[in-house]
Amino acid sequence: QVQLAESGGGLVQPGGSLRLSCAVSGQTPGSAVWFRRAPGRAREFVATIRGFDGSTRNGDAVKGRSTVTRDRAKKTVSLQMNRLKAEDTAVYYCASTPRAYNRGSTYRSNQLAYEDWGQGTQVTVSS
């Protein structure tokens, strides 16, 4: 059974940076992903990374401001976010799947393609 636990959320000022981590127990993910949900909005794709080669894809909302990485030995997936804006305020979720989706696959940014989810960590961007 795979379990994921996010950490690193908190309050940060606009323009600041934050690093979220996701610890994975159980099967090593083939793919891992970060989604977020802001109040009153649908869950939004943030970034994904493929386990075996580190191939990444970023969502439009954070493109150019975020980097997703993984540490296979520690079984962690991290999301570094910079130049944070108020609209980045959301609960951030980590999810994984045993599948390693093809580089161009639309499954990579589809929440239905990930079976195991963490509880989420709150990120609040405010002065």
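Remember, it's a predicted structure, so these values are computed and weren't measured experimentally.
- Taking CG of Asp71 as the start and OG1 of Thr76 as the end, the distance is 4.5 Å to the nearest 0.5 Å.
- Tyr93 and Val2 fall into different hydrophobic clusters, defined by Ile, Leu, Val, Met, Phe, Trp and Tyr side-chain heavy atoms under 4.5 Å apart, directly or through other members.
- Here the straight-line distance linking atom CZ of Arg108 with atom OG1 of Thr97 works out to 12.0 Å at 0.5 Å rounding.
- A donor-acceptor pair under 3.5 Å is formed between the side chain of Thr89 and the backbone N or O of Val125.
- With hydrogens and angles left out, the side-chain atoms of Ser127 and Gln13 include no donor and acceptor closer than 3.5 Å.
- The closest side-chain heavy-atom distance from Ser109 to Thr48 is not below 4.5 Å.
- Inter-residue side-chain proximity for Cys22 and Leu4 is flagged as met; some heavy-atom pair is nearer than 4.5 Å.
- Both Val68 and Leu84 belong to a single network of hydrophobic side chains, linked directly or stepwise wherever heavy atoms of I, L, V, M, F, W or Y lie under 4.5 Å apart.
- Taking OH of Tyr101 as the start and CZ of Arg50 as the end, the distance is 12.0 Å to the nearest 0.5 Å.
- In the displayed structure, Arg43 atom CZ is contacted under 6.0 Å by more than 12 heavy atoms of other residues, nucleotides or ligands.
- Atom CD1 of Ile49 sits about 9.5 Å away from atom OG of Ser31, to the nearest 0.5 Å.
- The structure places OG of Ser21 at 15.0 Å from CZ of Arg70, a figure rounded to the nearest 0.5 Å.
- For the atom pair CD of Glu87 and CD of Glu44, the computed distance is 10.5 Å after rounding to the nearest 0.5 Å.
- A salt bridge links Lys63 to Asp60: at least one charged side-chain nitrogen sits closer than 4.0 Å to a carboxylate oxygen.
- Side-chain atoms of Glu115 and Pro98, non-hydrogen and from C-beta on, do get closer than 4.5 Å to each other.
- Using a 4.5 Å cut-off on side-chain heavy atoms (C-beta onward), Tyr92 and Glu6 make no contact.
- Of all heavy-atom pairs spanning Ser105 and Arg57, the tightest one is O-NH1, 3.0 Å.
- Seen from the ring of Trp117, Arg37 does not count as a face-on cation partner, given the 6.0 Å and 45° thresholds.
- Across all non-hydrogen atoms, the minimal contact from Ala32 to Val77 is CB-CG2, 3.7 Å.
- Inter-residue side-chain proximity for Val123 and Arg36 is flagged as unmet; no heavy-atom pair is nearer than 4.5 Å.
- Linking ILVMFWY side-chain heavy atoms closer than 4.5 Å, directly or via other members, places Trp34 and Phe45 in two distinct hydrophobic clusters.
- Heavy atoms only, all atoms of each residue included: Asn110 and Leu112 are closest at OD1-N, 2.8 Å.
- Within a 6.0 Å radius of CD in Gln119, no more than 12 heavy atoms belonging to other residues, nucleotides or ligands are found.
- The aromatic rings of Phe35 and Tyr114 stand perpendicular to each other, their planes meeting at an angle above 60°, with 30° marking the opposite boundary.
- Cation-pi contact between Arg99 and Tyr107: absent, since separation from the ring centre below 6.0 Å together with deviation from the ring axis within 45° is not met.
- Within the 4.5 Å cutoff, the side chain of Leu20 has heavy atoms near those of the Met81 side chain.
- Leu18 approaches Gly9 most closely through the heavy-atom pair CD2-CA, 4.2 Å.
- Under the 4.5 Å side-chain criterion, counting only non-hydrogen atoms from C-beta, Ser25 is not in contact with Lys75.
- Using a 4.5 Å heavy-atom threshold, the side chains of Ser66 and Leu79 count as touching.
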